[in-house]
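Just the heavy atoms: all of them, side chains too, but no hydrogens, waters or symmetry mates, feed the values below. A, B, ... follow the sequence lines: proteins, then strands. Residue 1 opens every chain.
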Amino acid sequence: MSLSGSPADRASVPPVATSATSPIAALDAAPAREPLIEIRNLRVQLPTRDGLVSAIDGIDLTIGRGEIVALVGESGSGKSMTALSIARLLPPAAKVVSGTILLDGVDLLKLTDREMDRVRGSRIAMLFQQPKATLDPTSRVGEQVGETLRFQRHVGRRQAWARSVELLADVGIPEADRRARAYAHQLSGGMAQRVMTAAAISGEPELLIADEPTTALDVTVQAQILRLLTTKVRDHGLSMLLITHDLGIVSTIADRVVVLYAGKVVEDGPTARIINEPNHPYTEALMRSSLLIPLADGRLYAIPGGTPPPGEELVGCRFRARCHYADELGIADRCAAVEPGLHACESDAHHCRCWAVEDGLIQVQPASAGSLP
Amino acid sequence: MARFIVRRTIFLLATLFAVSVLAFVMPYFGEGDPARMILRARMGGELALDPAVVEAVRRQFGLDQPIPIQYLRWLEAAVTGDFGQSFTNRQPVGGIVLRALGVSFLLALAALVLATIIAVPLGILAALRSGGRRDSVIVTLTQGLVALPEYWLAPLGMLVFALWLGWLPAAGWTSPISVILPASVLCLRPLAYLLGVTRASMITVLESPYITAARSRGLSQFLTLRRHGLKNAMVPVMTLFSIWLAGTLGGSVVIEVIFNIPGLGRVMYEAVVNADMPVVQAGVLATVGLAIVINTLTDIGYAALNPAILVGESNG
């Protein structure tokens with residue numbers, strides 16, 4: 001598969017990976033689906049008062065066709081930056097210093113701005129955290145939903161409006177023809193996220209990036225929006241990159257989970273494995289803290305300490321300062337000196353970045369045993 | 001929206017009424033006896049006035065009546081457009097003020113439109129790459145403009161464009177091109193402010209989530225700016241535009257005097273010097289009245305730009 005091919009090349013070349021005659025494809029086919037997005041060694045830097053700081057520090061991430069991948073981690077771990085990098089919508093100050101982001105084998109980072117404009121909306125769509133703030137307050141919502149059609153597919157204004165109304169009805173908005181004429185301030189948060197969903201699927205994209213799409217919504221509405229999203233994603237065969245810190249959401253809808261810590265992937269694997277048998281001490285801690293089950297003394301568990309401050313020189317394992325295993329197992333010196341690599345766990349589909357796990361020092365036991373319901 | 005406009009209009013009329021009281025009463029706080037002021041204005045100097053003549057003038061102008069009665073008579077005539085006669089040249093005041101107001105409004109509007117046409121695109125350009133070299137050049141240049149005084153720029157403009165190049169008339173208000181030089185001088189300071197506000201407002205808007213969302217729908221930067229950036233960024237620019245327009249109306253005295261333009265600033269200046277009360281009264285009412293009208297139109301404009309503004313209105 002050509003890495004530098006233009007979109008035109010891609011259209012004319014049949015998808016190699018699905019070809020049964022390719023011996024390489026046959027080898028690869030076993031665990032994963034045909035990859036839609038392949039991020040390799042992505043590094044993004046942000047300028048701060050103390051100089052350039054790595055917000056993303058060499059991330060590898062693959063999203064298969066039709067696959068729902070959850071990206072989890074604390075604030076500042078690089079989740080949103082990763083999402084914005086894929087859509088090439090990083091703030092102007094942020095710089096991609098290395099890496100490739102392949103969409104169907106074409107490096108998005110090498111496209112011209114105009115080529116990238118055609119990728120957004122039609123191939124990659126996005127949902128954001130604050131649905132009401134992501135709608136222009138001065139423009140009718142139907143007008144905004146129809147934009148991808150009007151400006152990417154060159155559909156006429158009236159037709160685009162009619163299609164917007166259909167799409168709004170399709171995402172469960174009652175009286176869609178009336179609501180299409182509403183402005184953002186006249187909608188609830190849940191309604192606004194439905195509108196954004198209608199806009200996102202209007203261009204029939206292949207990838208939906210949802211950056212904490214339900215975080216700002218009421219708990220009761222969260223479930224509705226998630227159901228809507230999964231239905232749409234499955235019905236249209238979309239791939240989804242779901243950014244969240246809600247592990248409940250992850251366990252119900254994601255196929256695979258990628259855990260970020262301080263700009264690096266520390267663990268990734270199939271959802272069931274990650275949820276039930278987290279390997280990395282950070283994933284385990286994250287799991288424990290999000291279960292909201294009281295400890296023996298009645299308090300809730302919280303991961304001690306905080307993420308390393310941006311700009312700090314990072315040597316060794318980034319989680320070491322907050323990891324109790326490092327001291328208990330007497331390997332703290334090694335953890336502090338050398339950064340562990342991402343190594344395969346029991347199965348090829350599961351990876352972890354931890355010395356203790358790699359050397360088999362931690363007895364991986366279902367974290368669920370004592371704590372999960 | 002209709003209800004909003006009706007409410008604004010009622011508010012406008014109430015304010016106008018209050019202004020009319022102030023405009024009428026104000027001259028009475030200054031000099032002493034209005035009848036003597038009239039005679040002095042007509043005779044053009046301090047003479048020994050015959051008490052009988054003063055008394056006759058007082059009765060002729062109704063100045064022997066209590067002030068509230070005088071006000072009501074003035075108001076009654078004023079609503080029909082009759083603001084009395086000028087003390088100095090006995091011309092109808094309504095005509096004098098209206099003509100002068102027309103000239104000043106044209107000058108102010110020309111200056112402000114010119115300023116906006118230049119400031120808004122430059123402000124957007126600066127905002128698109130804020131912090132870049134283009135941005136700093138634009139900002140530094142315009143900050144310099146604010147510091148230049150009009151009484152220095154105006155003669156310089158005359159020297160260059162009228163005397164040396166001979167492209168434009170040096171002064172006067174005779175043909176449409178007479179407006180170019182004074183409007184150009186007058187536009188510089190509002191230009192600097194409008195540019196600053198456009199830039200700041202656009203920087204804020206460009207960082208808004210709805211701009212990123214619009215880009216994520218596949219809109220190019222230009223389309224995003226046109227469809228979602230401009231309208232949102234223009235609200236504070238409109239405010240500043242209307243403030244400057246209202247302020248320039250009565251405040252371009254220096255320019256009107258230097259360029260010999262028969263505008264309201266100059267007429268008012270002369271009326272005050274000559275204690276020509278009816279002209280001062282009508283002039284104040286006209287300037288303030290027009291400023292209030294501009295403000296009301298701006299408020300309605302906001303609501304047209306951003307319907308969310310109406311939300312507080314219907315509840316309040």
### Query
Just checking heavy atoms, which of residues 191-210 of chain A are less than 4.5 Å from chain B?
A:M196, A:A199
### Polar contact flag, side-chain donor to acceptor under 3.5 angstrom, A:Y183-A:T138
no
### chain B neighbours within residues 146-154 of chain A, where any heavy atom lies under 4.5 Å away
A:E147, A:T148, A:R150, A:F151, A:Q152
### Message
Walk me through whether A:D211 and A:S80 qualify under side-chain hydrogen bond (donor to acceptor under 3.5 Å, both in side chains).
### Response
CA-CA 7 Å; A:D211 187 354; A:S80 294; 2.9 Å; yes
### Message
If we check side-chain contact (heavy atoms from CB on, under 4.5 Å) with B:V205, which of these qualifies: B:N232, B:L230, B:L225?
### Response
B:N232
## Note on the structure
Of B:T116, B:T239, B:V197, B:T198, the one forming a side-chain contact (heavy atoms from CB on, under 4.5 Å) with B:M234 is B:T198
### Query
Relative to chain A, which segment of B:R129 carries a heavy atom at a distance below 4.5 Å: side chain, backbone, both, or neither?
neither
Under 3.5 Å, side-chain donor or acceptor atoms of residues 100-108 of chain B against the rest of the protein: list the pairs with distances, not counting sequence neighbours.
residue: B:S104; atom: OG; partner: B:E256; partner atom: OE2; Å: 2.7
residue: B:S104; atom: OG; partner: B:L264; partner atom: N; Å: 2.7

## Note on the structure
Greatest number of non-hydrogen atom pairs under 4.5 angstrom with chain B, of A:G121, A:A93, A:P92, falls to A:G121
### Query
Hey, are A:R181 and A:E143 close enough for a salt bridge, meaning a charged N less than 4.0 Å from a carboxylate O?
no
### Which atoms of B:L223 approach chain A - backbone, side chain, both or neither, heavy atom under 4.5 Å
side chain
### Query
Is A:D136 paired with B:R227 through a side-chain N to carboxylate O contact shorter than 4.0 Å?
no
### Query
Do NZ/NE/NH1/NH2 and the carboxylate oxygens of A:R178 and A:E175 come within less than 4.0 Å?
yes
### Query
So which of A:R114, A:R118, A:M126 has the biggest tally of heavy-atom pairs under 4.5 Å with chain B?
A:M126
### Summary
The complete set of salt bridge (Lys or Arg N to Asp or Glu O under 4.0 Å) pairs with one or both residues in residues 291-302 of chain B, sequence neighbours excluded, reads B:R8-B:D299
